[in-house]
Protein chains: 2
Amino acid sequence: MTISELTGALTDPDLLASYRRDEADLCEAGTPLAVLRPTSTEDVVRAVKWAAKFNVPIVPQGARTGLAGGANAIDGCLVLSMTNMNRILEIDRSNRLAVVQPGVVNAVLSRAANAEGLRYPPDPGSWETSTIGGNVATNAGGMCCVKYGVTTEYVLGLEVVLADGRVMRTGRRTPKGVAGYDLTRLFVGSEGTLGIITEITLALKPAGSEPLTLVAVFPSTAAAGDAVDRIFTAGLAPSLLELLDQVHLNAIEDYRPMGLDTSAKAILLAAADADLDAIAAQCQTAGAIDIWQATDATEAAELLQARRVAHPAMEKLAMTMFEHGGLIIDDIAVPRTRLAELLDEIEAIALKHGVTVGVVGHAGDGNLHPNIVVDRTDPGSVHKGHLVFDEIMERGLAMGGTCTGEHGVGLLKRDWLAAEAGPVSIEVQRAIKTALDPANLLNPGKVFSLT
Amino acid sequence: MTISELTGALTDPDLLASYRRDEADLCEAGTPLAVLRPTSTEDVVRAVKWAAKFNVPIVPQGARTGLAGGANAIDGCLVLSMTNMNRILEIDRSNRLAVVQPGVVNAVLSRAANAEGLRYPPDPGSWETSTIGGNVATNAGGMCCVKYGVTTEYVLGLEVVLADGRVMRTGRRTPKGVAGYDLTRLFVGSEGTLGIITEITLALKPAGSEPLTLVAVFPSTAAAGDAVDRIFTAGLAPSLLELLDQVHLNAIEDYRPMGLDTSAKAILLAAADADLDAIAAQCQTAGAIDIWQATDATEAAELLQARRVAHPAMEKLAMTMFEHGGLIIDDIAVPRTRLAELLDEIEAIALKHGVTVGVVGHAGDGNLHPNIVVDRTDPGSVHKGHLVFDEIMERGLAMGGTCTGEHGVGLLKRDWLAAEAGPVSIEVQRAIKTALDPANLLNPGKVFSLT
């Protein structure tokens, strides 16, 4: 192994340690042999060829804000950190598209699009720090996806460096196109296992107006779930429909007091371009005990702030409960009509195991993030946390759900993917992986286990 | 070869002849060995296993309304005609989804969705006869795709019979999901080369209101193209934006007199939920000489009728010009801003070769269908037609376009796909094809040539 053959490779042990993992708590992570921060496609080609020559696995990384361990290092791997490839190459206002390098931060692109009267809708919770490359690799979701769809709906084309160093372009710059297999969408969400993305062509939307926002307070999580069901059955089209449970309301009030009603069992936050009164009416019918509508953009932004701080608030709660408190974050999605039932089940499972579980999520998409609080220094607590995780998963899949609505499979969900997709699908996915990466050097062990 | 081993196989020569081809004119077509019309997934499994045993290629067919030869028979093949698998298995109003067999006709599903207050947007020209299975296999487009997207945006999941008879389920019933590779979208648009689709789960939208409609008349095709550019640069969102050139205006008036202004060089038809006045203003600025707005749904439907009869009107024109007149139908898409330029180029190319070319298309998507009129009994005429086709293609690709916006590759565009996608992409597509269908029995020779 001649790391010296790879110009620019960084091997300082402290630096290597800082590239070990993404934000998924309690996931295994190795120590890289080296980190390379390419600034061009040619750098990536060079790295991939080097890795192929010496049989070194490659783990591509963006901002490492992922929540499934997909960007975690493997012992002895080469980490390709893409954050230095951070140029917006083009924003084409008339054709409503952008061409970017993978290291561009979501918020940076969003603001640049806004400046042209356009909008890049996908808004994962990490949007202020996560990269477009990472968003594409995980097919990231977000709050506005209930109306505007997830990352893959916006990816028109890619430049990808394949496992053997060949450079491939996929897709197009035209609004429509059906020339050949949809390789673009095969790579979106493939978590770095099929190739290294070096350029991304994205569709943009007209900026649109600021939507109106409301908060509805419910006496039970099931009533909140029922409201979601009613809103969609009535044909309404919220651009945001988020749920926070009582655990979150308390955690957020402790973290940053906002005057939330902590006696409520759940609240729904909704936004809509029109329809907001009709959404309020459905919440009322479902049993909301209080509904409060923002009167201007400032108030609307304040309402959303409660949702935005949900994750740090839960982290603080975990650390208040245990000196080494941590969170196992789930990402289950069920058909919308099963939401109320899933919420009840999660509460029952948490109660049974005596574990604190806070539920937040994109209710309009049937996508919940149960946050399971554990003491990471107590194997019994961690074990119980995993039991809760598994039981929630089992119930969700039995309801026709999926094991990951937007976070991806990474390391965390490999067994659940296998259970959900079934053996034939896994065989086909592995066959595609093998066809494109026969030596299994691209992010090996992610999505599928190695054996 | 023991065709008797395949219960239900039809071998009557007249019947076989009727299954030879889709609606792509002047495309090669073979004669099947047999036709099977399965009524269940099990029938398809049986057929695929039989074909694998005797090394017989399989050509799946829907309504054979395709325009690229993708469903054309190969000599000695087994045709799997999916039109008897035509049950709508489920429409779930609250979760906004439908589960259908592949032989369900688009219009049948559309009407069934409407009855539930929902809508299945993709509306290819053939929507009254084409099947959802065919729409999915070709990733069909249509008129409302400019706002609502093409077929692939609506496919949540599939059941597929693979080349060796294994049955695979892809995707999900939840609004969001990122569990594993996006096999669903790999199969959408793969034109029957990767597996036989036996069930489709589709997302539906709320029905929405009937949009308002206008027609704008232009003194030049370039002015019409300029109007399209202006409409999008201004951030407007038409739900339909169609172009008809003078050749079409004349052909339609001859076919079914509607009082169209045949002295116009081009017209744009636009529909929008809001924004229609703003769209009219942009047409005015671009030099429209007349703009006429429908005042009710009946008038709006009449306007669209002109667009709906474009294809039969051009067929009639071809047969008026030549006793054995035919059409070579192209399906090029360019970035919207290049539309005016492409229209001018098409006119110049047609003039240079002395060939009649009528242009119609989804202008809002930059997607044009040049219809090249040829005398099919005159090799010189057909040759000139192909020259025109190739020159239009060359110009479109040089503008950053794609060789097929919505019709697919089939037989007609294989060389152009190779030119557009480049060798690495073709190698990867072939590697995926080989991984899934090593004996190359599923619709061989479509998308890629055999050698």
Side-chain angles (χ1 to χ4, degrees), chain A residues 93-96 117 138-139 141 145 150 153 166-170 172-183 185-186 188-190 206-207 229 232-233 235 237 333-337 365-367 400-406 408-409 417 420-422 424-425 428-429 431-432 435-436 447, chain B residues 93-96 117 138-139 141 145 150 153 166-170 172-183 185-186 188-190 206-207 229 232-233 235 237 333-337 365-367 400-406 408-409 417 420-422 424-425 428-429 431-432 435-436 447:
Chain A
R93 182 173 171 168
S94 294
N95 291 306
R96 290 185 190 164
T138 56
N139 190 11
C145 299
V150 298
E153 316 299 339
R166 284 176 301 168
V167 178
M168 174 171 74
R169 294 200 74 94
T170 74
R172 54 185 206 276
R173 287 174 65 96
T174 53
K176 276 159 71 182
V178 293
Y181 298 162
D182 191 348
L183 297 182
R185 266 132 170 199
L186 179 63
V188 175
S190 65
D229 192 3
F232 280 87
T233 303
V334 292
R336 263 183 229 105
T337 47
D365 285 322
N367 185 195
T402 178
C403 68
T404 172
E406 57 178 15
V409 176
L417 169 65
E420 177 183 338
V424 179
S425 170
V428 167
Q429 293 184 59
I432 291 169
L436 269 68
V447 185
Chain B
R93 182 172 170 169
S94 294
N95 291 306
R96 290 184 189 165
T138 57
N139 191 11
C145 299
V150 297
E153 317 299 340
R166 283 176 301 168
V167 179
M168 174 171 74
R169 295 200 75 95
T170 75
R172 57 188 205 274
R173 286 173 66 96
T174 52
K176 276 159 72 183
V178 294
Y181 297 162
D182 190 349
L183 296 181
R185 265 132 171 199
L186 179 64
V188 175
S190 65
D229 192 2
F232 280 87
T233 303
V334 292
R336 263 184 228 105
T337 47
D365 285 322
N367 185 196
T402 178
C403 67
T404 174
E406 57 178 14
V409 176
L417 169 65
E420 179 183 336
V424 179
S425 169
V428 167
Q429 293 183 58
I432 292 169
L436 269 69
V447 186

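Note that the coordinates shown come from a computational prediction; the quantities given were computed from them, not determined experimentally.
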How many angstroms lie between atom OG1 of B:T233 and atom CZ of A:R96, to the nearest 0.5 angstrom? 8.0 Å
Identify, with sequence neighbours excluded, every residue that meets salt bridge (Lys or Arg N to Asp or Glu O under 4.0 Å) alongside A:R172. none
Looking at A:I432, A:L186, A:V428, A:V167, which makes the most heavy-atom pairs under 4.5 Å with chain B? A:V428
B:F232 vs A:S94, test: side chain to side chain contact (heavy atoms under 4.5 Å, CB included). Steps then yes/no. CA-CA 6 Å; B:F232 280 87; A:S94 294; 5.9 Å; no
Under a 4.5 Å heavy-atom cutoff, which of A:P335, A:G400, A:A431, A:P206 has the most pairs with chain B? A:P335
Quick check on the interface: out of B:D365, B:V188, B:L436, who has the most heavy-atom pairs with chain A under 4.5 Å? B:D365
Measure A:E420 against the heavy atoms of chain B and call it side chain, backbone, both or neither at under 4.5 Å. side chain
Heavy-atom pairs under 4.5 Å with chain B are the metric here; pick the option from A:A207, A:G180, A:A237, A:G408 that has the most. A:G180
Flag, side chain of B:N95 to backbone of A:T337, donor-acceptor distance under 3.5 Å: yes
Working to the nearest 0.5 angstrom, can you tell me the gap between A:Q429 CD and B:D182 CG? 9.5 Å
Assert top hit (heavy-atom pairs under 4.5 Å, partner chain A, pool B:A333, B:A421, B:G405) equals B:G405
From A:R169 atom CZ to B:S425 atom OG, the distance as rounded to the nearest 0.5 Å: 11.5 Å
What residues, two or more places apart in sequence or in another chain, satisfy side-chain contact (heavy atoms from CB on, under 4.5 Å) together with B:V178? A:N139, A:T404
To the nearest 0.5 Å, what is the distance between CZ on A:R173 and OG1 on B:T402? 13.5 Å
Output the option from A:A435, A:G422, A:A179, A:S190 having the highest count of non-hydrogen pairs under 4.5 Å with chain B. A:A179
Could you look at A:R185 and say if it's the side chain, the backbone, both or neither that has a heavy atom under 4.5 Å from chain B? both
